[in-house]
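What follows is a set of notes on a single structure, which appears directly below.
Atoms within each ligand, like the ligands themselves, are counted from 1 in listed order.
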Amino acid sequence: MMRAIFGGTFDPIHNGHIETASALINELNISTLSLMPSAIPPHRPQPGASASHRLEMVKLACSHHPAFEAEDWELKQDRPSYTANTLSEFNNRFPDDSLLFVMGMDSLMSLHRWHQWQQLSDYAHLVVMPRPGVDFNVENERLKDFISTHLTHVKGDLEHQKSGLLYIAKTPMVDVSATELRERLQHREHDLPLPDTIYDYIRQHQLYL
Ligand code: ATP
């Protein structure tokens, strides 16, 4: 079966994650897509909401697709959540499944700065979702080589092989970022691009003020 892991800070999780991941499940016939908040993001400033709040919001997002599930593995680790370690763990845990690691185009464009990034494809396929404002335009030579070595345009290949490929998805462009959302929440704006249940949770716990 096709098992996907979608990792992120999810600070907070928003429609940019939920709508694209839902479309991806349909595009690739994914059985389970684990939404996995990261514990100590290695390349970023510390998140605005605590790990437990971020996980609770991810759990609320799970009602939006039957294949979504919340995955707290990285939050339970007492070391930085390097994706290579996580994928190695999931590869051992589910040896019979095709494993997909899902990311947005901005993440692919900075992949060469991730810890042990060239090993990610040893454990999983990389599936990249387009994102508004981010072109598929690679300047780093090592990343360029990596992409041309692993790129496939044939989605069926992801099922026939358990790891090692890179696929650019045809998911819709959803113009939302958590950074912009946090600013709008701070200004107490309404009608934000995230589910009502998550908006209510943020207000109830007075997050991002
Ligand atoms: P921030 O604005 O704080 O950087 P973010 O909106 O990018 O946050 P993250 O939790 O950092 O959200 O993203 C997790 C993953 O989801 C990353 O791989 C990112 O590229 C991807 N992603 C986030 N928003 C979108 C979107 N609108 N469309 C496609 N992919 C997205």
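- Residue contacts with ligand 1, taken as heavy atom pairs separated by less than 4.0 Å, do not involve M173 at all.
- Heavy-atom contacts of T179 reach the following atoms of ligand 1: 1 (P), 2 (O), 3 (O), 4 (O) (cutoff under 4.0 Å).
- Taking a cut-off of under 4.0 Å to the non-hydrogen atoms of M103, the atoms of ligand 1 that pass are 18 (O).
- Inter-residue side-chain proximity for S22 and F68 is flagged as met; some heavy-atom pair is nearer than 4.5 Å.
- At least one heavy atom of V176 sits under 4.0 Å from some atom of ligand 1.
- Crowding of E189 atom CD: a count of heavy atoms from other residues, nucleotides or ligands under 6.0 Å exceeding 12.
- Considering backbone and side-chain atoms alike, F6 places every N or O at 3.5 Å or more from each N or O of ligand 1.
- Polar contact with ligand 1: present for G104 (N/O pair, distance under 3.5 Å).
- On a distance-only criterion, M105 and ligand 1 share no N/O pair closer than 3.5 Å.
- A continuous path of Ile, Leu, Val, Met, Phe, Trp and Tyr side chains, each step under 4.5 Å between heavy atoms, connects Y123 with L108, placing both in one hydrophobic cluster.
- Side-chain contact annotation: T86 with E74, donor-acceptor N/O pair under 3.5 Å present.
- The aromatic rings of H14 and H17 lie parallel to each other, their planes meeting at an angle below 30°, with 60° marking the opposite boundary.
- No N or O atom of T20 sits closer than 3.5 Å to an N or O atom of ligand 1.
- In summary, the atoms of ligand 1 found under 4.0 Å from a heavy atom of G7, numbered by their order in the structure, are 14 (C), 15 (C).
- Shown in contact with V174 at under 4.0 Å from a heavy atom are these atoms of ligand 1, numbered in order with element: 26 (C), 27 (N).
- Those atoms of ligand 1 that come under 4.0 Å of a heavy atom in D106, given as number and element, are 19 (C), 20 (O).
- For the ligand labelled ligand 1, residue P132 lies outside the 4.0 Å heavy-atom shell.
- Residue R182 has at least one heavy-atom neighbour below 4.0 Å for each of these atoms of ligand 1: 3 (O).
- For ligand 1, the atoms sitting less than 4.0 Å from at least one non-hydrogen atom of T9 are 10 (O), 11 (O), numbered in the order shown with element in parentheses.
- Looking only at side-chain heavy atoms (C-beta outward), Y167 and D157 stay at 4.5 Å or farther from each other.
- A continuous path of ILVMFWY side-chain contacts below 4.5 Å connects L194 to M57, so both sit in one hydrophobic cluster.
- Judged purely by atom type and a 3.5 angstrom limit, T152 uses its side chain to pair as donor or acceptor with the backbone of V154.
- Near S107, meaning under 4.0 Å from any of its heavy atoms, are these atoms of ligand 1: 17 (C), 18 (O), 19 (C), 20 (O).
- Heavy atoms of H17 found under 4.0 angstrom from ligand 1 belong exclusively to the side chain.
- Remark: the D11 side chain and the Y208 side chain contain an N/O donor-acceptor pair separated by less than 3.5 Å.
- In this structure the side chain of R188 reaches within 4.5 angstrom of the side chain of L209, judged on heavy atoms.
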